[in-house]
Amino acid sequence: MKRIAVYPGTFDPFTNGHIDIVERGLRIFDELIVAVAANPHKSQLFTVEERKEIIRDAIKDMRNVRVDSFDDLLVDYVRNQKANVVIRGLRAVSDFEYEFQMALMNRKICEEVETVFMMPNQAYSYLSSRIVKEIALLGGSVSGLVPPLAEKMLRERCQALGKGAK
Ligand code: ADP
């Protein structure tokens, strides 16, 4: 049986830390689905389609990984994909409380879906989509923090908003 894992997240935008987790996940699982959460209650810089475009470009040279989006309950989405594992990244202790709550709640809703936590390379432990957006909106360089298409689209979006680098 194929071991299929879902890596869900907001990915607004996808960062090099997310890529690191995808690469680690591919060493363990046969197939990985990067699943963009379409949460209408959270305001994002990029649309779901734009976030998917960035991820698709970032993973174009990798095998056994694809991008998708979901707007239903995560465990339902996982089961519909014939997967039974959720991958989440753990950067620091500060991530733990929220992730612990989510994992246990998902287990309560669906016993057969397992959550696996992966630690990124320590070089990415300070990196988050939120901080990347803050840097870009204030005109700083995000080179080396995000994949190339994310960097380009961040620059364009900031310019369109009248913020960021000239
Ligand atoms: P969410 O809103 O679901 O937390 P994010 O896009 O912020 O979405 O993160 C998705 C997943 O990737 C989460 O498990 C998060 O802990 C993990 N993650 C975020 N940034 C990094 C990073 N720099 N290194 C490793 N994992 C990360």
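Atoms within each ligand, like the ligands themselves, are counted from 1 in listed order. Treat the numbers as computed from the prediction; the structure is a model and nothing was measured.
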* **Rounded distance [0.5 Å steps], CD in Glu114 versus CG in Asn106** => 11.0 Å
* Salt-bridge test for Glu49 and Lys52: reply yes if a basic N is under 4.0 Å from a carboxylate O, no otherwise. => yes
* Under the ring-ring contact (aromatic ring centres under 6.0 Å, His included) test, residues paired with Tyr7 that sit two or more places apart -> Phe11
Dump all N/O pairs between ligand 1 and the protein below 3.5 Å as a table: atom names plus distance, one pair per row.
unit_1, atom_1, unit_2, atom_2, d
ligand 1, 2 (O), Thr10, OG1, 2.5
ligand 1, 2 (O), Lys42, NZ, 3.3
ligand 1, 3 (O), Arg88, NH1, 3.0
ligand 1, 3 (O), Arg88, NH2, 3.3
ligand 1, 4 (O), Arg88, NH2, 3.2
ligand 1, 6 (O), Thr10, N, 3.3
ligand 1, 6 (O), Phe11, N, 2.9
ligand 1, 6 (O), His18, NE2, 3.3
ligand 1, 8 (O), Thr10, N, 2.9
ligand 1, 8 (O), Thr10, OG1, 3.4
ligand 1, 12 (O), Tyr7, OH, 2.7
ligand 1, 14 (O), Arg88, NE, 3.1
ligand 1, 14 (O), Gly89, N, 2.9
ligand 1, 14 (O), Gly89, O, 3.4
ligand 1, 16 (O), Gly89, O, 2.7
ligand 1, 20 (N), Arg91, NH1, 3.2
ligand 1, 23 (N), Tyr124, O, 2.9
ligand 1, 23 (N), Leu127, O, 2.8

* Before accepting this row, confirm whether a basic side-chain N of the pair Arg3/Asp30 lies closer than 4.0 Å to the acidic partner's carboxylate O. => yes
* Atom pair CD/CG of Glu23 and Asn121 - distance to nearest 0.5 Å -> 10.0 Å
* Are Glu156 and Lys152 close enough for a salt bridge, meaning some N to O gap below 4.0 Å? -> yes
